[in-house]
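Report on the following structure.
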Amino acid sequence: MRGRTEKLSRLRKSIADRMVESLRVSATTTQVIEVDVSKIARLRDQAADDFAKREGVELGFFPFFAQAAVEALKAHPKVNAVINAAEQTVTYHDVENLAVSVDTERGLLAPVVKDAGSLNLGGLARGLTDLTERAHTGKLGPDELGGGTFSISETGHTGALFGTPIINQPQVAILETGAVVKRPVVVEDEAMGGEVIAVRSMVYLSMAHDHRLIDSADAGRFLQTVKVRLEEGAFEGDLGLS
């Protein structure tokens with residue numbers, strides 16, 4: 001690529017047009033929260049081998065983030081909506097179709113896990129892995145690239161701590177997950193009688209949202225629901241550990 005000029009590919013041009021249009025249409029703002037996923041890290045250590053044998057896919061952090069987000073959409077339907085500016089209406093979806101950003105050699109694609117709200121952790125992990133693999137091999141069907149009601153993007157695989165994602169129109173929000181890193185943090189320890197410094201697995205989650213519909217307080221409540229679910233780490237039933 002060094003030292004040459006070339007035309008943008010059709011996919012690259014389409015991505016560029018959609019990103020610019022999103023920034024033009026939506027009143028986009030971003031909120032970032034910090035989440036302690038140490039309990040999930042321990043569950044992964046305990047269940048990874050059995051999960052891989054049972055589900056046929058590896059157990060990463062991303063399916064946990066996806067499940068927590070999908071559950072939060074049910075509690076906060078405003079985030080799972082679409083605005084029709086021309087008709088001045090808002091439609092609140094009654095299904096959670098999760099669009100997943102996948103970085104391919106040709107460009108960014110966003111295949112959709114349809115009815116993600118009906119899936120357990122294993123089902124989500126299989127769906128995410130299948131769509132990601134077929135996005136890289138060019139085997140996605142046209143119907144798998146549309147119909148998303150909310151998007152999630154994993155920037156952590158590049159080592160980034162967090163990003164400021166662009167909303168996938170006509171949706172009103174997108175959640176981005178950063179890298180999970182171990183670092184010292186201050187935590188409450190009742191046995192020690194107060195605050196202590198401990199090494200924990202931490203991650204930043206950032207959500208871009210359309211301020212035309214979702215106020216900062218709405219976004220904050222959604223993110224707190226996701227945070228509580230992840231820090232609680234009650235996924236033993238999905239992992240066959242209960």
Side-chain angles (χ1 to χ4, degrees), residues 11 14-33 62-63 65-102 108-121 123-124 127-128 130-132 135 140-155 163-177 205-230:
L11 177 59
S14 174
I15 293 169
D17 290 344
R18 286 189 287 110
M19 296 298 98
V20 171
E21 177 67 7
S22 180
L23 291 175
R24 186 189 71 80
V25 170
S26 295
T28 305
T29 186
T30 302
Q31 258 189 63
V32 181
I33 62 167
F62 196 59
F65 299 146
Q67 184 168 351
V70 168
E71 292 176 4
L73 291 175
K74 296 179 180 180
H76 304 276
K78 184 182 284 189
V79 181
N80 195 43
V82 59
I83 295 175
N84 186 317
E87 297 181 4
Q88 295 293 293
T89 61
V90 180
T91 299
Y92 302 99
H93 297 293
D94 59 359
V95 65
E96 297 79 33
N97 291 335
L98 189 65
V100 185
S101 297
V102 181
L108 189 67
L109 299 176
V112 179
V113 180
K114 299 294 176 61
D115 198 12
S118 69
L119 301 176
N120 62 12
L121 186 67
L124 267 175
L128 292 167
D130 173 60
L131 289 175
T132 299
L140 291 172
D143 61 322
E144 294 176 299
L145 291 168
T149 65
F150 179 82
S151 294
I152 185 169
S153 174
E154 182 183 22
T155 192
T164 54
I166 297 175
I167 297 168
N168 185 10
Q169 296 296 322
Q171 300 164 27
V172 294
I174 177 173
L175 181 70
E176 191 162 275
T177 68
L205 304 181
S206 55
M207 187 172 82
H209 58 94
D210 191 339
H211 220 314
R212 292 179 301 165
L213 178 65
I214 302 170
D215 294 331
S216 296
D218 298 319
R221 283 187 284 266
F222 175 86
L223 287 171
Q224 285 303 313
T225 298
V226 174
K227 176 184 174 77
V228 168
R229 180 69 171 103
L230 293 172

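Ile152 is listed as a side-chain neighbour of Leu98, based on a closest heavy-atom distance under 4.5 Å. Leu108 has its side chain within reach of Ser101: a pair of non-hydrogen atoms, C-beta onward, lies under 4.5 Å apart. Side-chain contact between Leu11 and Leu109 is present, with heavy atoms from C-beta onward closer than 4.5 Å. By the 4.5 Å heavy-atom criterion applied to side chains, Val25 and Arg212 are counted as neighbours. Residues Phe150 and Asn168 form no side-chain contact, since every pair of their non-hydrogen atoms from C-beta on lies 4.5 Å or further apart. At a threshold of 4.5 Å between non-hydrogen side-chain atoms, the residues Val112 and Leu145 do not count as touching. Using a 4.5 Å heavy-atom cutoff, the side chains of His209 and Val172 are not in contact. Taking the side chain as every heavy atom from C-beta outward, Pro77 and Asn80 never approach each other to under 4.5 Å.
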For this session: Please report the C-alpha distance between Asn97 and Val113 in whole Å, then the side-chain angles of each, then the deciding distance to 0.1 Å, and finally whether the side-chain contact (heavy atoms from CB on, under 4.5 Å) criterion is met.
Result: CA-CA 6 Å; Asn97 291 335; Val113 180; over 6 Å; no
For this session: Take Val79 and Ile214 through the test side-chain contact (heavy atoms from CB on, under 4.5 Å) and record every step on the way to the result.
Result: CA-CA 7 Å; Val79 181; Ile214 302 170; 4.3 Å; yes
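The two residues Ala72 and Thr225 make their nearest non-hydrogen contact at CB-CG2, 3.9 Å. Closest approach of Asp115 to Ser118, counting heavy atoms only: O-OG, 2.8 Å. When every heavy atom of Pro170 is checked against every heavy atom of Val82, the shortest pair comes out as O-CG2, 3.0 Å. Between Thr30 and Gly163, the shortest heavy-atom distance links the atoms CG2-O, 4.5 Å. Between Ala68 and Leu230, the shortest heavy-atom distance links the atoms CB-CD2, 3.7 Å. Contact between Ala208 and Thr28 at its shortest, heavy atoms only, is CB-CG2, 4.0 Å.
Defined by atom type and a distance below 3.5 Å, a donor-acceptor pair is missing between the side-chain atoms of Gln171 and Thr149.
Qualifying side chain to side chain contact (heavy atoms under 4.5 Å, CB included) partners for Asp94, counting only residues two or more places apart in sequence or in other chains: none. Every residue two or more places apart in sequence or in another chain that forms a side chain to side chain contact (heavy atoms under 4.5 Å, CB included) with Glu144 is listed here: Leu131, Arg134, Leu140.
In this structure, Phe222 and His76 have perpendicular ring planes: the angle between them is above 60°, well past the 30° mark.
A donor-acceptor distance shorter than 3.5 angstrom exists from the side chain of Gln88 to the backbone of Ala85, with no hydrogens or angles considered. With hydrogens and angles ignored, the 3.5 Å screen pairs no side-chain donor or acceptor of Glu176 with any backbone N or O of Ser206. For Asn84 (side chain) and Glu87 (main-chain N/O), a donor-acceptor pair under 3.5 Å exists by modelled atom type. Between the side chain of Asp130 and the backbone N or O of Gly127, no donor-acceptor pair lies under 3.5 Å. Looking at Lys74, its side chain does come within 3.5 Å of a backbone N or O of Gly117 through a donor-acceptor pair.
Contacts classified as side-chain hydrogen bond (donor to acceptor under 3.5 Å, both in side chains) and involving residues 16-27 (residues at least two apart or in different chains) are given here: Lys13-Asp17, Glu21-Arg24, Ser22-Gln169, Ser26-Gln169, Ser26-Asp210.
Separating the NZ atom in Lys114 from the CG atom in Leu119 is a distance of 12.5 Å, to the nearest 0.5 Å. Atom CZ of Phe62 sits about 7.0 Å away from atom OG of Ser153, to the nearest 0.5 Å. Taken from CG in Leu175 to CD in Glu154, the straight-line distance is 11.0 Å, to the nearest 0.5 Å. Rounding to the nearest 0.5 Å gives a distance of 6.0 Å between CD of Gln67 and CG of Leu124. A distance of 10.0 Å separates CE in Met19 from CD1 in Ile167, rounded to the nearest 0.5 Å. Once rounded to the nearest 0.5 Å, the distance linking NE2 of His93 with OG1 of Thr91 reads 7.0 Å.
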